[in-house]
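Below is one structure; the comments refer to it alone.
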Amino acid sequence: MRRVVPPIVAGVLALVLWELTVTLGRVAPFILPAPTAIWRELVAQRGNVWDAALASGANALVGLIAGSVAAILAALAASRFRTLGEVSIPFAAVVGALPIIALAPILNNMFESTSSVPRRIVTAIVVFFPVFLNTLRGLREVSPVHQELMHSYAAGGWTFARKVRLPGALPHLFTGLRQASSLAVIAAVVAEYFGGLQDGLGARITSAAAFTAYPRAWAFVAGACLLGLTFYLVTLLLERLAMPWKLA
Amino acid sequence: MTAVVVDNVTKVFNQGRSDEVTALAEVDLTVDDGEFVSLIGPSGCGKSTLLRLIADLIEPSTGTVTVADRPAAQARREQEYGIAFQQSGLFEWRTVRRNVELPLELRGIGRAERKAKAEQMLELVGLADFAGHYPGQLSGGMQQRVAIARALAVQPPLLLMDEPFGALDEMTRERLQSELLAICAKTRTSTVFVTHSISEAVFLSDRVVVMSARPGRITASIEVRLPSRDEAGRQSPVYFDKITEVRKALRG
Ligand SMILES: Nc1ncnc2c1ncn2[C@@H]1O[C@H](COP(=O)(O)OP(=O)(O)OP(=O)(O)O)[C@@H](O)[C@H]1O
Ligand SMILES: [Mg+2]
């Protein structure tokens, strides 16, 4: 309770403050609509928000899974072969810092306009880097005592990876996945701003804004927030299930 | 058969660099079959290093190490010894029982037998009730006891222990000393035991090997023949004489 109550109180206060600023300050709706106006739109458009969220959610999920699997495999390879790891870390750090989302228009031109693949590829690439870097760090961080112990058992490389490296890397892996889960939703939504199939939250936001229906645009933004939050919380739940020893 | 022969071993870390350390110089040590040998000496004199050399976790700079009449590397591969490090080195993602099971698991022993053996060992170190806990839920001394149980689980011919009782209270320590002696006597295990406690070394050992620092050398090897290793043994004049002898050897 003590962990849940303060953020909720803070959130409610922020909303009230927002509402008061907009109504008392007579802020034009194209600058910032009131939370109540956004809420009304959200209720009115709930069917559309839901459908768009499902489409964006599916893209984010596919991208997240594909990107994570690729990243974990790459991290395993990079931890196994020393030189590969040394080369790949700075490389991954630099590429990961680039605005990968900018690839969206190029990918959109490579596929048909009815394809969901470009958005999923962008998402997968965005997801790849935090998962790769964190997992690799975890795989490399083996305590010297564990190393000596497994050596004393004459354990081979594969046994060592399976029994020590992988479970030891789980906390780092999930740090990466937590970052990646939010990024996946952002990437899947924002990729639609650059064309391609227009069935997700990103497309709805741009078209609502183009029609100057600002509260509606904000309703879809709220949908995107909720989707991102869902991804984050599910990842958090998986983390708890995967690492019961951390709960204790 | 001889359990351990360390022949004229020198160990230099970071050879040729500015941080070069001669951890051990010209060390000779023989541990007979079934013998209990303690290593005692000031901090940094190379006790852990000597244990690691016997375990073939590091290689000597010069000299040879033989375990069970084989080169140390071969003995390690053939799982001739069990080891308990100065740090417990438990795997935090395994429960206490599964930690003790690990060496059995790696030897391909079946699930049921593994479980039974692990529970028996946990009983021995007084942690039967904590089998399902994770190491993070245990105190330092309890973790140390799990590590001891893990080293004993495979019933190795040679036991290498690095200050295993360092983090324990006096009562637990004395109880585990007796348990360890009983196990060693029953299975004729040879033991190399590192400790900072003179009384512990004298009580447990057939021989106490005293080391000095910088560079690490063996300065004395003191035979101990206690009339019995129990409460009466701890009261015997021999016990006190030997404690004095080891203390004098440590002072140099
Ligand atoms: N891996 C290493 N690299 C470099 N120097 C080392 C290494 N391991 C040990 N040494 C050095 O070797 C010397 C002996 O270390 P060792 O750990 O064997 O001491 P010890 O007798 O076990 O001490 P303590 O009683 O404090 O555990 C120390 O000076 C230490 O700095
Ligand atoms: Mg030591």
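Note that the structure is a prediction, hence the values are computed from the model and not measured. Below, read A as the first sequence line, B as the second, and so on, with proteins coming before strands; counting in each chain starts at 1.
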What part of B:R52 gets within 4.5 angstrom of chain A, counting heavy atoms only: side chain, backbone, both, or neither? side chain

Pick one of side chain, backbone, both or neither for B:E78, based on which atoms fall under 4.5 Å of a heavy atom in chain A. neither

With a 4.5 angstrom heavy-atom cut-off, could you sort out which part of B:L160 is near chain A: side chain, backbone, both or neither? neither

Answer with side chain, backbone, both or neither: which region of B:E92 has an atom nearer than 4.5 Å to a non-hydrogen atom of chain A? both

Contacting region of B:F85 [heavy-atom separation from chain A under 4.5 Å]: side chain

What residue pairs, at least two apart or across chains, pass ring-ring contact (aromatic ring centres under 6.0 Å, His included) with a residue in residues 31-68 of chain B? B:F36-B:F193

Look up atom CZ in B:R150 and atom OH in A:Y153, then write down how far apart they are to the nearest 0.5 Å. 4.5 Å

Applying ring pair (Phe, Tyr, Trp, His ring centres under 6.0 Å), name anything that partners B:F130, two or more places apart in sequence or on another chain. B:H133

Whether over 12 other heavy atoms sit under 6.0 Å from A:R46 CZ: no

Give a yes or no on this: more than 12 heavy atoms of other residues, nucleotides or ligands lie within 6.0 Å of atom CD of B:E59. no

Which of residues 131-150 of chain A get closer than 4.5 angstrom to chain B, counting heavy atoms alone? A:V145, A:H146, A:E148, A:L149, A:M150

Between B:L57 and A:S152, which heavy-atom pair has the shortest distance, and what is it? CD2-N, 3.9 Å

More than 12 heavy atoms of other residues, nucleotides or ligands under 6.0 Å from CZ of A:R80: is that the case? no

Applying a criterion of heavy atom separation less than 4.5 Å, what residues of residues 159-172 of chain A form contacts with chain B? A:T159, A:K163, A:V164, A:P167, A:G168

